[in-house]
Amino acid sequence: MADKITAPKGTYDILPDEQAVRRWVVARAEDVFRRYGYGRLDTPMFEETALFSRGVGESTDIVRKEMYTFTDLGGRSMTLRPEGTAPAARAYVEHGMHTLPQPVKFWYHWPMFRYESPQSGRYRQHYQFGIEAFGSTSPALDAEAIGVLEALYRDVGLAHVDLRINSMGCRQCRPAYSAQLHAFLTEHRSDLCSECHERTRLNPLRTFDCKVPGCVHVMDSAPRFTDYLCESCETHHSVVRDHLALQSIEYTEDHRLVRGMDYYTRTTFEFQSAVLGAQSGVGGGGRYDDLVESIGGPPTPGVGFGTGVERILLALSRSRDDLPRARGPLAYVVAINDSTRREAFALVHELRTRGVAAELDYASRSLKGQMKQAGRGGARFALLLGDDEVAAGEVTLKDLATGEERSLPRTEAAAIVVRAEVSAE
RNA sequence: GUGAACGUAGCUCAGUCGGUAGAGCACUGGAUUGUGGCUCCAGCGGUCGCGGGUUCAAAUCCCGUCGUUCACCCCA
């Protein structure tokens with residue numbers, strides 16, 4: 001047992017029975033992205049390490065301690081994708097998409113990799129849906145991004161999600177605010193926890209995140225960014241709010257909302273679900289007007305979000321009991337005698353060729369065992385073949401829901417099953 | 001990286017005061033020699049995470065270790 005190989009820590013297998021719900025959620029999400037005009041983008045699962053260290057920011061937890069970084073056989077430093085925005089920005093620049101009509105709008109459904117300690121709703125490999133819209137500073141686009149995410153949650157039936165929004169300012173107004181905040185933190189240093197001392201040094205904004213009661217109390221009287229926004233950021237923020245109202249989206253303004261990536265400017269937002277426990281964030285994002293430039297592209301604004309597929313599924317499983325389930329075969333072909341197993345195989349082949357999900361026994365089960373399989377597997381029909389049926393060119397068709405059965409010419413029975421498969425779709 | 005709880009059959013778990021293991025579900029067969037779901041009977045299935053210690057005797061007590069889960073941190 002000691003040498004038993006298991007899935008790596010923080011990873012998991014998605015078994016066949018669990019696929020139905022996932023596929024349904026993905027399909028709902030894809031339809032939302034289509035309606036809002038986003039095109040699918042796929043990028044490699046690993047990138048040059050510099051893309052993330054520069055794009056996401058050296059001071060972030062992701063870059064400092066959570067990346068799966070390795071040296072390839074050519075001596076290059078590579079990193080498994082920990083987030084989606086930087087790779088999307090890289091692709092935008094690499095393919096010269098600034099020459100296309102702006103904005104350029106992408107959506108993705110990608111696995112992400114972060115070397116973290118796993119817990120409920122947090123994995124080392126997890127999936128995210130996301131969108132990124134490049135090339136526009138319009139605040140209406142910020143509101144659209146939030147609208148896309150809200151529509152996604154609504155369409156999959158995720159209730160009890162609360163939206164919080166904030167503004168992080170821009171290159172013009174952030175330095176002045178940061179200086180104010182830093183001065184405040186230094187002044188109250190003795191009342192703050194050691195973590196916050198570290199935050200003061202690395203990223204003062206994150207002191208707002210601290211949950212230590214003493215720090216929370218201190219931060220209540222800290223200068224708020226919303227009071228220091230420059231005129232254009234102030235205007236931008238109010239238009240975002242207006243366009244949220246136009247979509248009837250409810251939200252609360254939260255000046256303490258600070259997100260983990262360094263690239264955010266102006267709008268940031270986050271949806272939380274009450275049923276998720278400690279990892280309550282189900283999705284979030286914001287505007288990143290300096291990111292493209294920071295990875296070597298032309299100055300290009302952008303806005304987007306990421307949302308955790310596992311967290312959506314977890315929240316759904318805790319709040320709904322009517323989720324899609326895996327579908328079994330429509331027809332189960334039963335060989336009544338061992339001598340008719342060849343005929344049964346041929347019939348299953350015919351049904352499958354004609355589009356029917358059909359199954360049969362490969363375990364030499366008894367007649368009763370085969371019927372049991374048919375019933376447990378959720379089949380609607382059992383098609384029974386015995387010596388009598390084979391001799392007569394017939395098959396006994398049994399409706400497993402009603403128990404009704406009758407012997408029919410083989411072509412007629414097959415036609416009924418084929419029709420049922422077509423109408424089931 | 002820190003803290004806590006938990007590791008017994010494929011799954012969910014029980015196992016008293018230490019006496020080398022049980023149930024339910026699932027799976028296979030039978031009751032019904034050509035008929036599923038319900039019921040009943042039987043069968044299959046475990047080096048009690050791993051290593052060491054105490055003891056005549058350890059799933060049980062002690063130490064270590066690995067893993068899982070939850071929480072902190074941070075995020076999706």
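Only a predicted model underlies this, so the values are computations on that prediction, with no experimental measurement involved.
- The Ile336(A) side chain lies nearest to G34(B) when the options are G34(B), G36(B), C74(B).
- The side chain of Arg259(A) approaches A76(B) more closely than any other nucleotide in the set G29(B), A76(B), G36(B).
- Closest to the Leu367(A) side chain, of the nucleotides U35(B), A71(B), G29(B), is U35(B).
- G24(B) and C11(B) make up a base pair, with Watson-Crick or G-U wobble contacts both under 3.5 Å.
- If you check A76(B), C72(B), U35(B) against the side chain of Ala278(A), the one that comes closest is C72(B).
- A side-chain donor-acceptor contact under 3.5 Å links Gln370(A) to the backbone of Ala335(A).
- Just one residue in the list His95(A), Glu48(A), Glu47(A) forms a side chain to side chain donor-acceptor pair (under 3.5 Å) with Arg90(A), and that residue is Glu47(A).
- In this structure, the CD atom of Glu116(A) is 14 Å from the P atom of U69(B), given to the nearest Å.
- Nucleotides A59(B) and G51(B) place their P atoms 13 Å apart, quoted to the nearest Å.
- Closest to the side chain of Gln119(A), out of A76(B), G34(B), C73(B), is C73(B).
- No N or O donor and acceptor, one from the side chain of Arg376(A) and one from the base of C27(B), sit under 3.5 Å apart.
- For Arg199(A), counting side-chain heavy atoms from C-beta on, the closest listed nucleotide (A76(B), C73(B), G34(B)) is C73(B).
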Would Tyr38(A) and Phe106(A) count as a ring-ring contact (aromatic ring centres under 6.0 Å, His included) if you check the C-alpha gap in whole Å, the side-chain angles of each, and the deciding distance to 0.1 Å? CA-CA 5 Å; Tyr38(A) 288 75; Phe106(A) 302 126; 9.0 Å; no
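- You'll find that the side chain of Ser117(A) is closest to A71(B), out of A71(B), G30(B), U35(B).
- Nucleotide G43(B) holds its P atom 21 Å from the CZ atom of Arg365(A), rounded to whole Å.
- Each of Gln373(A) and Glu404(A) lies near RNA chain B, and the nucleotide nearest Gln373(A) is the one positioned closer to the 5' end.
- The CG-C1' distance, from Leu385(A) to G34(B), rounds to 12 Å in whole Å.
- The only member of Arg171(A), Arg54(A), Arg266(A) that meets salt bridge (charged side-chain N to carboxylate O under 4.0 Å, His left out) when paired with Asp290(A) is Arg171(A).
- Judged by Watson-Crick or G-U wobble contacts below 3.5 Å, the nucleotide G3(B) has C70(B) as its partner.
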